[in-house]
Amino acid sequence: MEHSFQKNILPKSFYTQSVLTVAENLLGKIFVRKITNSIISAKIVEVEAYDGSIDEAAHTYRGKTQRNKLMFEEGGILYVYFIYGNHYCANVVTGNKNEGKAVLIRAAEPIEGIDRMAINRFGRKCLNRKEYINLTNGPGKFCKSFGINKSHGGVDLLSENIFILNNDKLPKDKIIKTTRIGITRSKEFNWRFYIKDNPFVSKP
DNA sequence: CCACGGATTGGCT
DNA sequence: GCCAATCCGTGGA
């Protein structure tokens with residue numbers, strides 16, 4: 001089974017595509033984190049693209065800084081940032097080195113390790129469906145359930161313990177493309193993608 | 001050096 | 001629906 005995993009891990013060439021292509025194609029893929037003796041995995045159901053070359057909402061819009069430098073690396077690693085004094089958000093870096101483009105993982109549907117996610121998020125197992133939905137229906141919540149923090153910035157997505165598995169391509173009519181959430185600038189870009197009718201999407 | 005605001009969340013009206 | 005919490009990075013009021 002170690003082997004079937006290996007075959008399905010998204011290759012470097014997936015991540016070096018354009019940020020919008022990666023964003024749309026990440027929908028339905030399986031984000032996996034292996035922790036000692038356990039696996040946490042979830043299907044990606046909502047993402048947003050950020051492109052520092054034309055996008056004022058991107059952290060990379062004003063050039064390279066200490067904080068955003070990982071987002072300027074070649075595609076295929078994580079860029080994790082801390083926001084509002086409380087939350088981490090995980091991004092998949094895309095494209096070539098020095099482009100400053102990434103895809104924010106906004107929501108996912110738990111598959112494996114649900115009790116472990118609940119411990120990470122609430123300190124105990126889920127008590128009801130509301131809590132189950134609340135595990136991963138937002139970018140900060142996803143990171144909390146997966147135990148992702150600043151220390152995971154720069155992690156290679158082709159590594160042993162964190163990677164994304166391929167999955168069947170979603171039919172076009174299941175993909176909704178709309179404006180991004182929570183930003184004040186460059187609001188007009190339709191760079192948010194989510195899976196239609198999926199209960200884990202953060203907002204309709 | 002320091003003031004300001006943020007790719008969010010959760011609790012309260 | 002509205003708003004406070006909370007703190008770090010950024011840029012210059």
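Proteins get letters first, then strands, A, B, ... in listed order; numbering begins at 1 in each.
The nucleotide range of DNA chain B contacted by chain A, defined by atoms under 4.0 angstrom from heavy atoms of the protein and reported 5' to 3', is B/dG6 to B/dG10.
Scored by the side-chain hydrogen bond (donor to acceptor under 3.5 Å, both in side chains) test, A/Lys141 finds A/Asn134, A/Asn137 as partners (sequence neighbours excluded). The side-chain hydrogen bond (donor to acceptor under 3.5 Å, both in side chains) search around A/Asn120 returns none, not counting sequence neighbours. Applying the salt bridge (charged side-chain N to carboxylate O under 4.0 Å, His left out) rule to A/Glu109 yields no partners; only residues at least two apart in sequence or on another chain are considered. In this structure, A/Tyr61 has no ring pair (Phe, Tyr, Trp, His ring centres under 6.0 Å) partners at least two apart in sequence or on a different chain. Partners of A/Arg185 according to the salt bridge (charged side-chain N to carboxylate O under 4.0 Å, His left out) rule, which considers only residues two or more places apart in sequence or in another chain, do not exist here.
Contacts between residues 188-203 of chain A and DNA chain B, defined by a heavy-atom separation under 4.0 Å, are absent. Interface residues of residues 85-97 of chain A facing DNA chain C, ordered by number: A/Gly85, A/Asn86; criterion, heavy-atom separation under 4.0 Å.
In this structure, a donor-acceptor pair under 3.5 Å is present between the side chains of A/Asp51 and A/Ser53.
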Protein and nucleotides 8-13 of chain C: nitrogen or oxygen contacts under 3.5 angstrom:
residue : atom : partner : partner atom : Å
C/dT10  : OP1  : A/Thr65 : OG1          : 2.3

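Rounding to the nearest 0.5 angstrom, the gap separating the CD1 atom in A/Ile164 from the NZ atom in A/Lys43 is 14.5 Å.
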Report summary line: Writing each nucleotide of DNA chain B 5' to 3' as (, ), [, ], | or . by Watson-Crick or G-U pairing under 3.5 Å yields ||||||.|||||.
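Within the structure, side chain to side chain donor-acceptor pair (under 3.5 Å) contacts touching residues 168-179 of chain A (residues at least two apart or in different chains) are A/Glu24-A/Lys172, A/Asn25-A/Lys169.
Here A/Ile119 sits alone; no ILVMFWY side chain lies under 4.5 Å from its own, so it joins no hydrophobic cluster.
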